[in-house]
**Q** 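Input: one structure, supplied below.
So that the names make sense, note that chain A is the first sequence line, chain B the second, and so on, each numbered from 1.
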Amino acid sequence: MNLGGWVFLFLSWGVILGLVLFCFGKVFGKKALK
Amino acid sequence: MQGTKKRDSWGSRLGIIMAVAGSAIGLGNFLRFPAKAASNGGGAFMIPYFVSLLLLGIPLMWIEWTLGRYGGGFEHGTAPGIFHSIWRKNRFIKYFGVIGIFGPLVIFIYYSYIEAWTLGYSAFALTGKYAGITDQSGMQAFLSGFQGLTKNQYFNGLGAAYLFFVVTFILNIWVIYYGIKGGIERLCKWAMPLLFVFGVILMFRVLTLGAPDAAKPAWNISNGLGFLWNPDFSALKSAKVWLEAAGQIFFTLSVGIGVILTYASYLSKGDDVVLSGLTAASTNELAEVILGGCIVIPAAFVFFGPLDIQSIARSGVFNLGFVTMPLVLNKLPLANILGFLWFFLLFLAGITSSVSLAQPAVAFLEDEFNISRKKAVGIFALVTFILCHAAIFWLGRGVVDELDFWGGTFFLVLFATIETILFAWVFGMENAWDEIHKGADMRVPKIYKFIIKYITPLFLFCILGMWFVQEWLPIIFMKGILPENKNFILGTRIGLVLIFLTLAILVKIAWKKRKERVV
């Protein structure tokens with residue numbers, strides 16, 4: 001894989017993992033499990 | 001409001017997030033996404049993909065969650081009632097809502113059969129039924145035999161596929177029978193974590209493959225990932241690539257079907273939809289980009305090399321899942337276990353989607369005809385069990401492709417366009433904005449007021465127009481269909497019209513009864 005491939009892979013992973021952590025962090029922070 | 005019986009509800013917020021994510025995560029996440037990305041610019045595909053997620057996927061997700069919760073407040077769990085609640089003055093709008101029951105019902109007819117294949121292959125993996133097959137043609141023959149398309153040394157009829165279909169169908173009905181909280185939520189709360197555990201195990205196995213054939217050091221996992229992720233920026237100049245990315249986002253999030261409307265209708269007025277919708281969408285993306293992007297294509301590259309992978313990536317979802325993947329896993333130690341993990345992962349992805357497809361029809365009978373859940377599930381089971389036989393026995397005649405075109409593509413985009421116009425233009429963006437934020441745990445960025453009103457509908461019109469001209473017209477005119485199959489396609493279309501008309505008549509009867517009750 002070339003450098004561009006690694007950049008796109010890690011950027012995509014970063015965006016999605018960031019979004020998931022942000023969302024679930026907020027959900028559990030608000031005591032989602034009643 | 002009918003008010004004679006209490007509607008079902010979700011037991012927890014995590015429950016509906018898992019259920020919506022489960023509905024969205026399907027075979028496409030693991031098979032369609034990597035094939036599309038690899039064939040449309042590799043890493044560069046992620047640019048139109050994320051643009052479509054922001055301008056189309058996430059807005060549609062919020063629109064459906066909000067419309068669903070709004071309609072649920074009037075005890076409507078399906079699109080006819082929800083659309084009527086939005087635009088009471090228009091007596092025809094409820095008939096456009098029929099698409100929101102028709103689409104999922106049609107998809108359920110063939111989806112539950114394909115889901116049965118994944119259950120069958122899970123059992124075959126464990127028992128080693130396909131363990132001795134080492135080439136593409138052998139595995140293709142195994143699949144054709146199982147589907148009943150040919151009789152060969154592996155299968156001499158449809159018996160095995162039919163048996164797994166019956167088991168899968170009963171499992172689906174069993175889950176729906178126990179309702180939202182006791183059935184669907186309970187299933188998704190254990191199935192989704194299990195799916196991710198299986199996916200992570202498979203991902204790590206693939207990423208640690210290295211270069212299994214010492215004679216071919218270039219056939220390694222880094223180059224396999226490169227085949228999927230190396231960017232080809234020239235692809236961004238092609239409108240087709242942007243359209244493919246928009247289509248992938250559209251299909252992956254389960255928007256435009258009517259399922260999210262129904263799921264969200266079981267929320268209370270003060271329940272958040274902004275954060276929950278975003279969380280469900282991001283969970284789907286996690287399964288698609290991270291797991292889906294690291295399993296099938298890189299693994300196939302390592303074992304089949306840079307030349308064959310081109311045709312494999314274009315060979316279609318079924319070939320990737322049921323031919324290429326078992327061949328790849330057969331070459332690894334613990335092939336039985338890995339094969340089981342792969343097909344059971346697909347089965348979990350399938351069943352959490354199929355129960356969601358069944359729910360709108362069941363909710364329609366319950367809400368609009370005031371009948372018990374047990375009766376509604378009974379009617380649904382009887383009708384769909386009969387209809388599924390068309391997909392089972394006429395698979396080779398192109399019936400499944402036809403059902404997928406109308407239920408899973410054409411009406412999906414049309415429905416999404418209708419609900420976006422209703423939400424942003426009929427309900428009005430100010431009302432819509434207030435409705436979205438009722439009970440919200442986070443604010444939607446203000447730019448989305450503009451995006452939902454102008455960009456998302458425009459995006460949808462572009463997709464509708466371009467697909468209609470480029471891809472749909474030849475399908476509508478049956479171009480490329482074998483002459484001996486044309487009657488089956490025509491029969492399927494007549495059947496679909498009859499289903500649509502029956503649903504429209506049921507809507508008419510339900511509203512007439514409602515009017516009589518009010519008078």
**Q** Would you name the heavy atoms of A:N2 and B:P231 that are closest together and state the gap between them?
**A**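 So the minimum-distance heavy-atom pair works out to OD1-CD, 3.8 Å.
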**Q** Less than 4.5 Å to any heavy atom of chain A: does that hold for the side chain of B:F233, its backbone, both, or neither?
**A** side chain
**Q** Quick check on B:R205: does its CZ atom have over 12 non-hydrogen neighbours (other residues, nucleotides or ligands) under 6.0 Å away?
**A** yes
**Q** For B:K438, look at atom NZ and say whether over 12 heavy atoms of other residues, nucleotides or ligands are found less than 6.0 Å away.
**A** yes
**Q** Measure the shortest side-chain to side-chain distance between A:S12 and B:I290 over non-hydrogen atoms and say whether it is less than 4.5 angstrom.
**A** no
**Q** Determine the option with the most heavy-atom pairs under 4.5 angstrom with chain B, choosing from A:L9, A:L3, A:V7, A:L19.
**A**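 Max contact count across the listed options: A:L9.
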**Q** What do you reckon, are the aromatic ring centroids of A:F8 and B:F50 less than 6.0 Å apart?
**A** no
**Q** For the residue pair A:F24 and B:T283, establish whether any side-chain heavy-atom pair is separated by less than 4.5 Å.
**A** yes
**Q** Does any heavy atom of chain B fall under 4.5 Å from the side chain of A:V15, the backbone, both, or neither of them?
**A** side chain
**Q** Would a 4.5 Å heavy-atom cut-off, applied to side chains only, mark A:M1 and B:N230 as touching?
**A** yes
**Q** Can you check whether B:R13 reaches A:V27 side chain to side chain, under 4.5 Å on heavy atoms?
**A** yes
**Q** Closest heavy-atom contact between A:W13 and B:V289?
**A**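 For A:W13 versus B:V289, the nearest heavy atoms are NE1-O, 4.3 Å.
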**Q** So which heavy atom on A:I16 is nearest to which on B:S282, and how close?
**A** CG2-O, 4.3 Å
